[in-house]
Amino acid sequence: MGFLTSQLTHDAFLGGKLHLWQPVKGYRAATDPVLLAAACPATKGQSVLELGCGVGAASLCLRTRVDVELSGVELQSSYAVLARRNASEAGYAMTVVDADLANLPADVRARSFDHVILNPPYYGPGTSSPDAGRDKALREQTALATWVDTALRRAGPKGCVTLIHLAERVGDLIELLNPRAGLIE
């Protein structure tokens, strides 16, 4: 089930260069996807996969900066619909697949990308949000190790994985990346 227009806001990002539909209640993009897009060193013509793309904020902020080929994976269908709508209204091509990143469709598993970007959920077990969409976006239901494994598997040779997470998880991230990734910055 999707969102009704009355359940959405149309918000400006990047000083008004980009406008995104997002739910009034639920996960709402703010500064994290903007910072994630800014940190990704993609250049013109490269391919980018966003894991857990939500309404497409990080991907579309990145595309506003540089002409790249966008793909996204989103578990929550209603958010995937908004990501497609946001891309279309911005005039950008973006393929968004409704899927669990732990069980990607064969066509996504068969591809590699120049860049993989991700903003995994920050919070572990505990009191959940009364809004299911917000809870899925912010509470770790898929292990961080699965997010990192999927990102590394989809990054092509010399590919780059860019992610944003809490400072207290940096040690976990380095432990997950170290045996398989090259340069870690």
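Counting non-hydrogen atoms of neighbouring residues, nucleotides and ligands closer than 6.0 angstrom, the CD atom of Glu175 reaches no more than 12 such neighbours. The environment of CZ in Arg65 is crowded: more than 12 heavy-atom neighbours from other residues, nucleotides or ligands sit within 6.0 Å.
Side-chain contact of Ser59 with Tyr92: a donor-acceptor pair under 3.5 Å is absent, judged by distance alone. There is a side-chain donor-acceptor pair under 3.5 Å between His115 and Gln46.
Without hydrogens or angle criteria, Asp149 side chain to Ala145 main chain gives no donor-acceptor distance under 3.5 Å. Without hydrogens or angle criteria, Asn86 side chain to Val55 main chain gives a donor-acceptor distance under 3.5 Å. Under the 3.5 Å distance criterion, the side-chain polar atoms of Glu74 are left unmatched by any main-chain donor or acceptor of Asp98. In this structure, Arg63 contributes its side chain and Leu70 its backbone to no donor-acceptor pair below 3.5 Å. The main-chain N or O of Ser112 is never found under 3.5 Å from a side-chain atom of Arg154 such that the two would form a donor-acceptor pair.
Residues satisfying the side-chain hydrogen bond (donor to acceptor under 3.5 Å, both in side chains) test with Ser47, not counting sequence neighbours, are Asp114.
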How far apart are the C-alpha atoms of Cys53 and Met94, what are their side-chain angles, what is the distance that settles it, and do they pass the side chain to side chain contact (heavy atoms under 4.5 Å, CB included) test?
-> CA-CA 11 Å; Cys53 70; Met94 181 176 180; 4.3 Å; yes

Q) Is there a side chain to side chain contact (heavy atoms under 4.5 Å, CB included) between Arg169 and Leu144 once you walk through the steps? A) CA-CA 10 Å; Arg169 296 298 298 271; Leu144 185 58; 3.3 Å; yes

* Asked: Checking side chain to side chain contact (heavy atoms under 4.5 Å, CB included) for the pair Leu20/Arg85: CA distance, chi angles, key distance, verdict?
  -> CA-CA 9 Å; Leu20 301 175; Arg85 177 180 181 183; over 6 Å; no

Verdict with reasoning, Val48 to Ile117, per side chain to side chain contact (heavy atoms under 4.5 Å, CB included): CA-CA 7 Å; Val48 178; Ile117 61 175; 4.2 Å; yes

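A salt bridge is absent between Asp107 and Arg111: the closest approach of a Lys/Arg side-chain nitrogen to an acidic carboxylate oxygen does not fall below 4.0 angstrom.
Rounded to the nearest 0.5 Å, atoms CG (Leu75) and CG (Leu51) are 12.0 Å apart.
By the 30° and 60° cut-offs, the orientation of the rings of Tyr27 relative to Tyr79 is tilted.
Of all heavy-atom pairs spanning Ala83 and Leu60, the tightest one is O-CD1, 4.4 Å.
With contacts defined as side-chain heavy-atom distances shorter than 4.5 Å, the pair Cys61/Leu14 qualifies. By the 4.5 Å heavy-atom criterion applied to side chains, Leu177 and Leu152 are counted as neighbours. Looking at heavy atoms from C-beta onward, Trp21 lies out of side-chain contact with Thr9 at the 4.5 angstrom threshold.
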